[in-house]
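Each remark here refers to the structure printed beneath this line.
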Amino acid sequence: MTETLIKNADTILTMDDTRRELSGADILIRDGQVAQIGHGLQTIGEIQDASGCVVTPGLVNTHHHLYQTLTRAVPGGQDALLFGWLQTLYPIWSRFGPEEMFISAQIGLAELALSGCTLSSDHLYLYPNGARLDDTIAAAAEIGLRFHPTRGAMSIGESDGGLPPDTLVEDEGAILDDMIRVVDAFHDPAEGAMCRVGLAPCSPFSVSRDLMRDTALLARDKGVMLHTHLAENDEDIAYSQAQFGCRPGQYAEDLGWTGSDVWHAHCVKLDGAEIDLFARTQTGVAHCPCSNCRLGSGIAPVRAMRDQGVKVGLGADGSASNDNGNLVFEARQAMLLQRVAYGADAMSSREALEIATRGGADVLNRPDCGRLQPGKRADIAIWDTRCIESAGSWDPAALLLAGPMRVKHLFVEGRQIVRDGQVTTLDMPPVIERQTQLARALQS
């Protein structure tokens, strides 16, 4: 039996069913779970002092492309809209291989951890030069973050009217075979799982209707979740109407892509009927506010989605379209954008933090994560509010208004992944040096 006691937290934001907030309280971790929350708790194990700190559930990232950490701020894509941005980057990504996938995932996951993230999904939809989903899974296991990789795919290249170059698309039969392989090899459906695999054709403009339909059937046969991009911007809507004769929501519904086992990234341009559809079917949404701003896609109607009962979580999106991987930034940006669109009272700091924790866990069907209560997983972020960013704050627990942008301590399954603002599971300098070397090689 292993125990850790988080002691004397100024505030604990539990995000439990009653959204309890406790002052001067403790959290006892035992064997990877939250054992107790209260005052005056004792332990036979290690004590982590949380005086001057706010404690929250670990943040949850529901959409990312980790491989893109090698292609941040690429000049040709810095000011492009989505489709032009993709066409700039596809040729660069076609030069990746297994090492690029592994190193970029290490860097991206370490960056997420430092922003308080304990559970991240990833959408890997291209596999050049022998790269496999296995490469990113190995990186996540080394860092120790809870991981939901998705086996993405592109099957319609430029010669068939698609957006990606032909060199980056795969045969659809081979795609389905590899989906079966990675689910059988890595997916763990158990409570407390550290790795769950999803299936994720890239987008309606890069795969066929048949692959979308077949993937949905396969996912339900295997009991895994489905993920793709949907209704990201005006170009996306126009493409759907021109190619399929319907809006993206109807396209998704027709192919079996709605339900509690499905979540879609972006959804910036959902209309009222589509929001109702998602609420009725309990289809989830990964809201990516910084990327949506960066690519000029628009402001997703998150306020309307939540008011209708749609499950909404946060996503950092790829580091080539953000160009950051900090979930605190995402949560703050989500809050501010809803205020820009709907007024200063449209979203509070605590609601945005709820989306970043409990909300994301619910999107990924992880009720064992995203909240602090006995029996849930010990995925815990500790934020030191004795910092410049919080100085003068009358409510340090309003972290997204005035609070630290990096976590002080982070626990995943009770294991300390970040201590005093440093990742404990990796020797970061050589990893960063190797990433720099690989990025320079891609530029030559």
Side-chain angles (χ1 to χ4, degrees), residues 2-60 115-119 192 327-328 331-332 335 347-362 366-387 389-420:
T2 59
E3 285 189 355
T4 300
L5 181 64
I6 297 171
K7 190 78 173 169
N8 297 324
D10 277 15
T11 305
I12 299 174
L13 301 176
T14 66
M15 297 300 169
D16 66 8
D17 293 345
T18 62
R19 311 303 190 268
R20 272 194 313 160
E21 299 186 12
L22 295 87
S23 298
D26 313 325
I27 302 176
L28 180 63
I29 300 169
R30 181 182 297 132
D31 296 334
Q33 291 184 308
V34 175
Q36 290 179 266
I37 301 178
H39 296 85
L41 303 183
Q42 302 296 318
T43 184
I44 59 172
E46 180 182 351
I47 295 176
Q48 179 68 71
D49 181 48
S51 301
C53 297
V54 173
V55 179
T56 71
L59 309 189
V60 178
S115 75
C117 177
T118 53
L119 165 59
L327 276 190
V328 180
R332 178 176 169 83
M335 174 186 71
M347 183 171 289
S348 69
S349 170
R350 281 169 171 78
E351 183 180 7
L353 186 63
E354 179 181 320
I355 293 171
T357 54
R358 183 187 179 106
D362 290 348
R366 293 301 300 258
D368 54 339
C369 301
R371 59 272 277 161
L372 299 177
Q373 62 189 78
K376 302 302 183 182
R377 310 320 300 179
D379 294 1
I380 302 171
I382 303 177
W383 310 87
D384 193 344
T385 54
R386 297 164 299 187
C387 60
E389 297 94 333
S390 293
S393 174
W394 289 31
D395 181 10
L399 290 169
L400 303 182
L401 291 173
M405 293 290 106
R406 285 173 63 142
V407 77
K408 181 177 184 181
H409 305 302
L410 189 73
F411 293 84
V412 180
E413 193 70 4
R415 179 189 184 196
Q416 191 156 12
I417 302 300
V418 175
R419 185 187 297 272
D420 293 321

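Any value given below was found using the heavy atoms of this structure, including those in side chains, with hydrogens, waters and symmetry copies removed. Please read all numbers here as calculations on a predicted model, not as lab measurements.
Cys387 contributes atom SG, which lies 12.5 Å from atom CZ of Arg406 (distance to the nearest 0.5 angstrom). Distance CG/Leu327 to CD1/Ile355: 12.5 Å, rounded to 0.5 Å. Taken to the nearest 0.5 Å, the CZ atom of Arg19 stands 11.0 Å off from the CG atom of Leu353. Atom CD1 of Ile417 and atom SG of Cys117 lie 11.5 Å apart (nearest 0.5 Å). Rounding to the nearest 0.5 angstrom, the gap separating the CG atom in Asp17 from the CD atom in Gln373 is 5.5 Å. Here Leu410 contributes atom CG and Gln416 contributes atom CD; the two are 8.5 Å apart, rounded to the nearest 0.5 Å.
Screening Thr56, Val55, Leu22 against Leu13 for a side-chain contact (heavy atoms from CB on, under 4.5 Å) leaves a single residue, Thr56. For the side-chain contact (heavy atoms from CB on, under 4.5 Å) test with Val418, the passing option among Val407, Val412, Ile382, Thr118 is Val407; the others fail. The only option from Leu372, Ile27, Ile47 that meets the side-chain contact (heavy atoms from CB on, under 4.5 Å) definition with Ile6 turns out to be Ile27.
Side-chain contact between Asp379 and Pro57: absent, with no pair of heavy atoms (C-beta onward) separated by less than 4.5 Å.
Ser390 places no side-chain N or O within donor-acceptor distance of the main-chain N or O of Ser393, the cut-off being under 3.5 Å. Side-chain N or O atoms of Thr14 include one that pairs as donor or acceptor with a backbone N or O of Arg20 at under 3.5 Å. Remark: side-chain polar atoms of Asp26 are paired, donor with acceptor, to backbone N or O of Asn8 under 3.5 angstrom. Judged purely by atom type and a 3.5 angstrom limit, Arg358 uses its side chain to pair as donor or acceptor with the backbone of Met15. Of the possible polar contacts, one joining the Gln33 side chain to the Gly375 backbone as a donor-acceptor pair under 3.5 Å is found. Put simply, the side chain of Ser349 gets close to the backbone of Leu400: a donor and an acceptor are under 3.5 Å apart. At distances below 3.5 Å, not a single donor-acceptor pair connects side-chain atoms of Asp10 with backbone N or O atoms of Ser51. Looking only at distances, a side-chain donor or acceptor of Arg371 sits under 3.5 Å from a matching main-chain atom of Cys369.
Annotation for Ala9 and Ile12: closest pair CB-CG1, 3.8 Å, computed over non-hydrogen atoms. Residues Pro367 and Lys376 come closest through the heavy atom pair O-NZ, 3.1 Å. Of all non-hydrogen atoms in Pro374 and Ala35, the two that sit nearest each other are CB-O, 3.7 Å. Closest approach of Val328 to Ser115, counting heavy atoms only: CG2-O, 3.4 Å. Of all non-hydrogen atoms in Ala378 and Ile29, the two that sit nearest each other are CB-CG2, 3.5 Å. Among all heavy-atom pairs drawn from Arg386 and Cys53, the shortest one is NH2-SG, 4.3 Å.
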Residues Arg419, Glu46; criterion salt bridge (Lys or Arg N to Asp or Glu O under 4.0 Å); working and verdict: CA-CA 13 Å; Arg419 185 187 297 272; Glu46 180 182 351; 3.4 Å; yes

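The pair Asp395-Arg350 counts as a salt bridge, with a side-chain nitrogen and a carboxylate oxygen less than 4.0 angstrom apart.
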Side chains of residues 37-45: which donor-acceptor pairs under 3.5 Å do they make with residues two or more places apart or in other chains?
| residue | atom | partner | partner atom | Å |
| --- | --- | --- | --- | --- |
| His39 | NE2 | Ser23 | O | 2.8 |
| Thr43 | OG1 | Glu3 | OE1 | 2.8 |
| Thr43 | OG1 | Gly45 | N | 2.9 |

